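Since the model is a prediction, treat every value here as computed from it, not as a measurement.
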Amino acid sequence: MVRPTIHHTVAAKQQASRDKRKRYYEKHRDLILLRRRLCRTNNTPSITAESNTNVLSDSDDEVDFDAIITLSDCLGLVRDAKNKVLAIVPSGTPTIYVEGILRKYAMSLRDSVAGDIEVFGEGLTAVEPYLLWAQQGQDKIFNMCGVCNEWRAADKVSRFIGHLVAMLEDLYRLALSGDLDEAYLLGETMYQKTLGLEAPGV
């Protein structure tokens with residue numbers, strides 16, 4: 001049975017929606033104010049007194065995620081992940097980087113029939129750790145502020161790196177199982193689908 005309509009006019013629906021939001025705010029007021037306060041006090045780009053400047057270790061590729069305690073630390077971690085990936089992918093376009101790796105693999109087919117499938121593995125291991133950095137930073141931002149502008153910026157970085165990792169994982173998995181040639185000819189790889197390339201055919 002369909003639920004009966006309670007509010008018949010647009011004005012009544014708007015007022016009911018306002019009342020619902022007001023009740024929610026009154027019930028969760030302390031938590032909402034705490035999140036807002038954290039976002040406002042910690043979103044300065046400079047490192048604050050509470051901020052831990054020793055987040056990166058000496059090797060510069062290991063991160064102590066427990067040392068990331070402020071919003072500035074989280075944003076710095078996401079920024080570092082983005083910069084590291086952009087150093088590997090200077091064009092800023094994941095498909096161009098994947099195309100370069102496919103070229104390396106094609107060149108390795110001259111030397112052996114199977115080709116050097118570790119080209120995909122090396123490309124993947126070069127980028128994959130920074131996906132974890134971006135995701136950890138994004139999660140910590142969400143825990144502090146919820147969905148805010150900083151979280152949205154971190155989400156863009158996570159999606160960018162995640163898309164790149166997914167394309168490389170797809171190619172590496174297909175290469176390991178020996179199905180890469182067939183999948184490429186049929187246009188079934190994620191790389192081809194992303195670019196909208198037609199299948200080369202047999």
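- Here the closest heavy-atom approach between residue Gly92 and residue Phe160 is recorded as O-CE1, 3.4 Å.
- Inspection of the Ser177 and Arg173 side chains reveals no N or O donor paired with an N or O acceptor under 3.5 Å.
- Side-chain contact between Val78 and Trp133: absent, with no pair of heavy atoms (C-beta onward) separated by less than 4.5 Å.
- Under 3.5 Å, the side chains of Gln135 and Ser158 contain no donor-acceptor pair of N or O atoms.
- No single ILVMFWY cluster, assembled from side-chain heavy atoms under 4.5 Å apart, contains both Ile96 and Leu168.
- Side chain of Thr5 to backbone of His7: no donor-acceptor contact under 3.5 angstrom is found.
- Note that CD1 of Ile88 and OH of Tyr130 are 5.0 Å apart. Values are rounded to the nearest 0.5 Å.
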Task: Audit row: Arg103, Glu99, salt bridge (charged side-chain N to carboxylate O under 4.0 Å, His left out) steps and yes/no - done: CA-CA 6 Å; Arg103 281 197 184 123; Glu99 185 180 339; 2.7 Å; yes

- [ ] Give the C-alpha distance, both sets of side-chain angles, the deciding distance and a yes or no for side chain to side chain contact (heavy atoms under 4.5 Å, CB included) between Gln136 and Lys140.
- [x] CA-CA 6 Å; Gln136 286 284 333; Lys140 286 178 181 277; 4.3 Å; yes

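- Nearest heavy-atom pair, Val157 versus Ala134, reported as atom, atom and distance to 0.1 Å: CG1-CB, 4.2 Å.
- The CH2 atom of Trp151 lies 12.0 Å from the CG atom of Asn143; values are rounded to the nearest 0.5 Å.
- Connection of Val98 to Met107 is not established within any shared hydrophobic cluster, with ILVMFWY side chains joined at heavy-atom distances below 4.5 Å, either directly or through further cluster members.
- A distance of 7.0 Å separates OG1 of Thr95 from NE2 of His163, quoted to the nearest 0.5 Å.
- A distance of 13.5 Å separates OG of Ser17 from NZ of Lys22, quoted to the nearest 0.5 Å.
- The pair Asp19-Arg23 does not count as a salt bridge, with every side-chain nitrogen at least 4.0 angstrom from each carboxylate oxygen.
- Taken from CD in Glu169 to OH in Tyr172, the straight-line distance is 11.0 Å, to the nearest 0.5 Å.
- A 4.5 Å side-chain heavy-atom check between Ile141 and Cys148 finds at least one atom pair inside the cut-off.
- Judged by distance alone, with hydrogens and angles left aside, the side-chain atoms of Ser108 form a donor-acceptor pair with the main-chain N or O of Tyr105 at under 3.5 Å.
- Side-chain contact check for Val127 versus Tyr97: some heavy-atom pair is nearer than 4.5 Å.
- When the options Leu132, Val85, Asp170, Leu124 are evaluated for a side-chain contact (heavy atoms from CB on, under 4.5 Å) with Val165, the one that passes is Leu124.
- Shown here for Gly137 and Cys74, the closest heavy-atom pair between the two residues is O-CB, 3.9 Å.
- Put simply, CG on Leu77 and NZ on Lys82 are 13.5 Å apart, with the number rounded to the nearest 0.5 Å.
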